[in-house]
Protein chains: 2
Amino acid sequence: MVATLRDVARAAGVSPATASRALSAPELVAPARRALVEKAAQDLGYRPNLAARGLTTGRTGNLCLVVPDLGNPFFAGVAKGVQRRARELGHAVFVADSDEDARLEADLVERLSAQADGTLVCSPRMSDERLAELTADRHVVLVNRRLPGRPSVVVDNTDGMRQAVRHLHALGHRRIGYAGGPEGSWSDARRRDGLKVAAHGLHRLEVVDLGHFAPTVVGGTAAGDLVAAASITAVIAHNDLVALGITERLRVRGRSVPADVSVIGYDDTVGTLGHPALTTVAIRLARLGSVAVDLLLDGRASTGRAAATGADEDDISLPVELVVRGTTGPAPTPPTDGVSR
Amino acid sequence: MVATLRDVARAAGVSPATASRALSAPELVAPARRALVEKAAQDLGYRPNLAARGLTTGRTGNLCLVVPDLGNPFFAGVAKGVQRRARELGHAVFVADSDEDARLEADLVERLSAQADGTLVCSPRMSDERLAELTADRHVVLVNRRLPGRPSVVVDNTDGMRQAVRHLHALGHRRIGYAGGPEGSWSDARRRDGLKVAAHGLHRLEVVDLGHFAPTVVGGTAAGDLVAAASITAVIAHNDLVALGITERLRVRGRSVPADVSVIGYDDTVGTLGHPALTTVAIRLARLGSVAVDLLLDGRASTGRAAATGADEDDISLPVELVVRGTTGPAPTPPTDGVSR
DNA sequence: CGGTACCTGGCAACCGCTTGCCTTGGCTAG
DNA sequence: CTAGCCAAGGCAAGCGGTTGCCAGGTACCG
């Protein structure tokens with residue numbers, strides 16, 4: 001049988017109350033007794049029962065993280081960051097994978113958040129309304145998504161696209177494609193907008209919207225054919241997996257990357273895997289997770305607070321960085337006519 | 001404030017005891033009252049406090065999964081399977097990532113297992129002794145590792161290697177390399193053994209042991225150079241990431257895959273990513289996870305039971321399947337002399 | 001030297017739920 | 001008609017901690 005606080009108290013010759021205080025509020029107990037209790041606890045291998053403690057204190061010491069797909073390196077990276085930071089702060093993490101099912105996601109949040117001090121939600125596709133309702137009276141931080149009145153941590157998609165566009169522009173590209181993520185994805189909408197702003201406003205590039213694709217290599221394969229058919233010299237993909245699929249498909253179709261078409265990914269989840277290695281907008285995924293944990297536990301992210309004050313200091317945006325590798329190069333010189341420049 | 005059982009009882013006009021029974025042991029309560037309680041619970045949006053319930057029942061409804069690296073698709077896959085099965089069975093899952101640190105791993109098991117009904121441990125590198133000690137009086141199932149007296153779920157590494165070897169043999173390869181995983185990895189030792197048994201015993205192939213490598217693409221890059229230097233026509237890697245690294249490095253070094261060298265991976269974690277697509281020994285990762293959950297919750301996997309009976313029905317081995325894709329082909333005909341056959 | 005303030009530590013209630021035991025009352029059987 | 005039985009539901013005791021409140025002791029002050 002595992003040692004309880006009463007056992008420790010008995011062994012130390014004090015009351016349970018004193019034992020409790022000695023361990024969790026040491027300054028309230030005289031050093032001599034405190035030492036006695038500590039020794040007893042040590043000897044008995046005492047570990048407080050977190051469930052019992054949670055019952056009285058109202059805090060469980062647990063967090064909960066809901067993601068659509070742990071197999072997606074994006075979310076795996078976030079989960080790692082969450083996990084690590086939570087551990088440093090003495091919290092355990094419930095992780096729930098919804099298999100991309102928004103209904104299940106909501107269900108998981110409802111079930112698990114009750115057992116945790118706070119919940120981190122990655123839910124790219126849930127409707128704003130449902131998400132707002134779901135997070136109304138819960139202690140929640142949104143990850144990679146923004147919603148008025150809810151604390152959140154996102155990445156600077158606008159700047160990411162700006163960097164990507166500037167890079168392509170410098171390489172001489174003038175017509176570029178965008179292979180988007182799933183319909184309804186919040187971050188995809190932000191990326192698409194960011195791209196258009198940067199392309200039109202900044203550099204007067206033309207953008208061809210190729211449509212929506214599954215955020216996977218297979219999705220990218222489909223996109224690849226559209227890229228091949230469009231008269232563009234570069235394409236930016238919703239994420240790295242799509243970019244990988246596009247690159248591969250173009251190769252199969254006899255187009256060279258980057259000689260014929262440049263490809264840029266997003267997230268930097270695949271590193272140098274693939275050939276040529278992917279140029280991509282890098283996100284520090286683990287940091288995304290750890291910052292979210294901090295925000296969640298800071299107490300600043302209390303229910304409805306941001307809504308009440310109108311302040312948005314609870315909305316954090318993380319910087320991104322373009323990493324140039326092998327899939328981008330100078331735009332091909334058009335073979336159409338003899339007019340140079 | 002959230003509704004408690006007393007609230008429900010009051011609303012239904014019964015005692016808390018009756019309310020409790022109506023909800024968790026309906027057959028003990030007369031239908032009329034039961035309906036009353038159910039309605040009240042419904043109206044109040046009652047959700048039992050799992051921590052409190054756990055305090056009395058001793059069961060928390062939580063599981064715990066400890067893995068060395070969530071970013072590794074192998075463990076992400078297992079985690080998905082665990083998560084899904086646990087959810088079906090009404091359990092929540094604590095996931096802990098140890099960042100490949102065996103000491104931290106042990107610590108996590110100790111801390112988290114107390115809050116859970118059972119623990120799933122993926123710990124490829126911990127020493128047998130430490131692992132045995134750690135799992136001595138805990139309800140634990142080992143995943144992808146076997147230890148006498150402890151329930152476990154593994155994959156049939158021997159058969160996997162047998163299939164790989166048979167494939168290579170049929171293609172005419174006679175000298176093959178093995179690019180191993182990290183020193184001390186349990187599954188790597190099994191795979192290495194399996195390979196040797198299959199190669200020597202079955203087909204009289206020669207095996208060149210290339211050594212130990214980090215189970216990552218980068219590890220594979222290093223291995224690639226050794227492959228290039230060894231006079232072998234095929235190589236089997238510890239896992240897919242290593243295989244990917246090898247393939248890429250060989251390409252850089254001017255060797256063609258599979259024309260010059262055939263490459264086989266293990267785990268099937270990268271799918272058709274990479275070019276050519278990787279031939280690999282496929283594992284059903286999610287199934288590995290879900291079977292482990294079943295074993296854990298079956299009650300069969302009780303502490304020390306297998307040790308007592310000597311039975312090994314608590315040690316499950318899952319089948320694997322060679323998936324032939326593009327990185328394996330006929331052995332090159334030696335250009336050394338003119339003697340054909 | 002008496003009074004007071006302060007520091008320590010114990011008592012006991014309580015967090016929300018489960019469950020052993022007992023009471024009550026309606027039936028059946030002898 | 002009464003004894004016996006069973007079903008239904010309430011009482012209360014926890015599960016393992018925490019914490020408000022109070023008592024006793026000590027030190028310090030006047």
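Labels below follow one simple rule: chain letters A, B, ... track the order of the sequence lines, proteins then strands, and each chain is numbered from 1.
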Using atom [atom1] of [X] as one end and atom [atom2] of [N] as the other, report the distance to the nearest whole Å.
X	N	atom1	atom2	value
L28(B)	dG9(D)	CG	P	10 Å
L55(B)	dT18(D)	CG	P	12 Å
Y46(A)	dT18(D)	OH	C1'	10 Å
R10(B)	dG9(D)	CZ	P	19 Å
R59(B)	dC15(D)	CZ	C1'	13 Å
R6(B)	dC14(C)	CZ	C1'	10 Å
L44(B)	dG16(C)	CG	P	14 Å
N49(A)	dG17(D)	CG	P	5 Å

- [ ] Under 4.0 Å between any heavy atoms, over every strand shown, what does A30(A) touch: base, sugar-phosphate, or nothing? Just pick one.
- [x]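 Sugar-phosphate only.
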
Open item on the list: Using a 4.0 Å heavy-atom cut-off, does R47(A) contact any base of the nucleic acid, only the sugar-phosphate backbone, or nothing at all?
Closed with: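 Sugar-phosphate: the residue R47(A), judged by heavy atoms under 4.0 Å, touches backbone atoms but no base.
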
- [ ] Looking only at side-chain atoms of S24(B), point me to the closest of dA12(D), dG17(D), dT18(C).
- [x]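 So the nucleotide nearest the side chain must be dT18(C).
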
Task: Proximal nucleotide (of dG16(C), dC11(D), dT19(D)) relative to the S20(A) side chain - done: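 The answer is dT19(D).
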
So, OP1 or OP2 of [N]: does either fall under 4.0 Å of a side-chain N or O from [X]?
X	N	answer
R33(B)	dA7(D)	no
S15(B)	dG10(D)	yes
T57(B)	dT19(C)	no
R21(A)	dT18(D)	no
T56(A)	dC15(C)	no

In the structure I gave you, are the side-chain heavy atoms of [X] and [Y] within less than 4.5 Å of one another anywhere?
X	Y	answer
N62(A)	V93(A)	no
R85(B)	D294(B)	yes
L55(B)	N49(A)	yes

Task: No-hydrogen, no-angle side-chain donor-acceptor test under 3.5 Å, R125(A) and S185(A) - done: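 Checked: R125(A)/S185(A) side chains show no N/O donor-acceptor pair below 3.5 Å.
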
Open item on the list: If I take atom CG from residue L28(B) and atom OG1 from residue T18(B), how far apart are they, to the nearest 0.5 angstrom?
Closed with: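 So the CG of L28(B) and the OG1 of T18(B) are separated by 10.0 Å.
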
Task: Given V109(B), V67(B), L65(B), the one that forms side chain to side chain contact (heavy atoms under 4.5 Å, CB included) with V121(B) - done: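 For V121(B), the side chain to side chain contact (heavy atoms under 4.5 Å, CB included) test succeeds with only one of V109(B), V67(B), L65(B), which is V109(B).
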
Task: Between the first and last five pairs of the helix from dC1(C)-dG30(D) to dG30(C)-dC1(D), the angle of the axes, rounded to 10 degrees - done: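 One end axis against the other gives 50°.
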
Open item on the list: So that I can tick it off, tell me whether R21(A) and E27(A) are bridged by a salt bridge, with the cut-off set at under 4.0 angstrom between side-chain N and carboxylate O.
Closed with: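 No, no charged N to carboxylate O under 4.0 Å.
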
